Protein chains: 2
Amino acid sequence: MANEEAGENRGEAVATATAMPENVVYVGKKPAMNYVLAVVTQFNNGAKSVTLKARGNTISRAVDVAEIARNRFLHDATLKNVSISSEELMNEDGSKSKVSAIQIVLEK
Amino acid sequence: MANEEAGENRGEAVATATAMPENVVYVGKKPAMNYVLAVVTQFNNGAKSVTLKARGNTISRAVDVAEIARNRFLHDATLKNVSISSEELMNEDGSKSKVSAIQIVLEK
């Protein structure tokens, strides 16, 4: 239970503040527009590049976010790089499972 | 109705035969392993490169397919290119909607 609580708090933090230092936006299960807003805000705050990261089922949403941000809000932003990879997750019971991940770098 | 029938036939064809000419595998809603098998088969038939294409929610599955094929079956295959884009779809009522797409090129 303590675990669950910590997880929830962390989720909020990612969406609001901790994505700042390296201009990384972690795409999760919220509506795509939330993350588009985060990307646009980072660029407006002077970032030269913003990286979108997502894992598993949210990969599709990350691609949506990049396309919406680029086509609708940031016409001068370019797609610098798209890369895919596998990450290993530790399950709660100690077993490991692999999950696909994507990283999309937008540049102004 | 004629439309629906054609669509169904086309779906089957993609999974079995028509992906051949340009070594393209279209990733849809079937289990990822079906598409992994298609990729491995193409390489075994002498293809030097295989392209995975997916749209919308199946983008995540296309990434899974590329990662599983690479890490589990084709250790000598490399990721040549990953690109994302937007495609415009015509709805049945004539209106248009945009959908994100991904293209992943694997090379041996």
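Computed from a predicted structure; not experimentally measured. Quick note on labels: first sequence line is chain A, next is B, and so on, each numbered from 1.
Listed by chain and number, the residues in a side-chain contact (heavy atoms from CB on, under 4.5 Å) with A/A47 are A/N23, A/Q42, A/V50 (sequence neighbours excluded).
No part of B/N81 comes within reach of chain A, as not one of its non-hydrogen atoms sits under 4.5 angstrom from that chain.
Side-chain contact check for B/R61 versus B/K29: some heavy-atom pair is nearer than 4.5 Å. Here the side chains of B/V39 and B/F43 are in contact, with some heavy-atom distance below 4.5 Å.
Contacts between residues 83-93 of chain B and chain A, defined by a heavy-atom separation under 4.5 Å, are made by B/I84, B/S85, B/S86. Scanning residues 98-108 of chain B against chain A with a 4.5 Å non-hydrogen threshold yields B/K98, B/S100, B/A101, B/I102, B/I104, sorted by number.
The stretch residues 63-79 of chain B participates, sequence neighbours left out, in these salt bridge (charged side-chain N to carboxylate O under 4.0 Å, His left out) pairs: B/E67-B/R70.
In this structure, A/Y26 and A/Y35 approach most closely via the heavy-atom pair O-CE2, 3.4 Å. Taking every heavy atom of both residues into account, A/A62 and A/L52 meet most closely at O-CD1, 3.7 Å.
Among the candidates A/L79, A/I68, A/V82, A/T58, the residue making the largest number of heavy-atom pairs closer than 4.5 Å to chain B is A/V82.
Both B/M33 and B/V65 are assigned to one and the same hydrophobic cluster, defined by single-linkage of ILVMFWY side chains at heavy-atom distances under 4.5 Å. The cluster map of Ile, Leu, Val, Met, Phe, Trp and Tyr, joined by side-chain heavy atoms under 4.5 Å apart, puts B/V36 and B/L74 in the same cluster.
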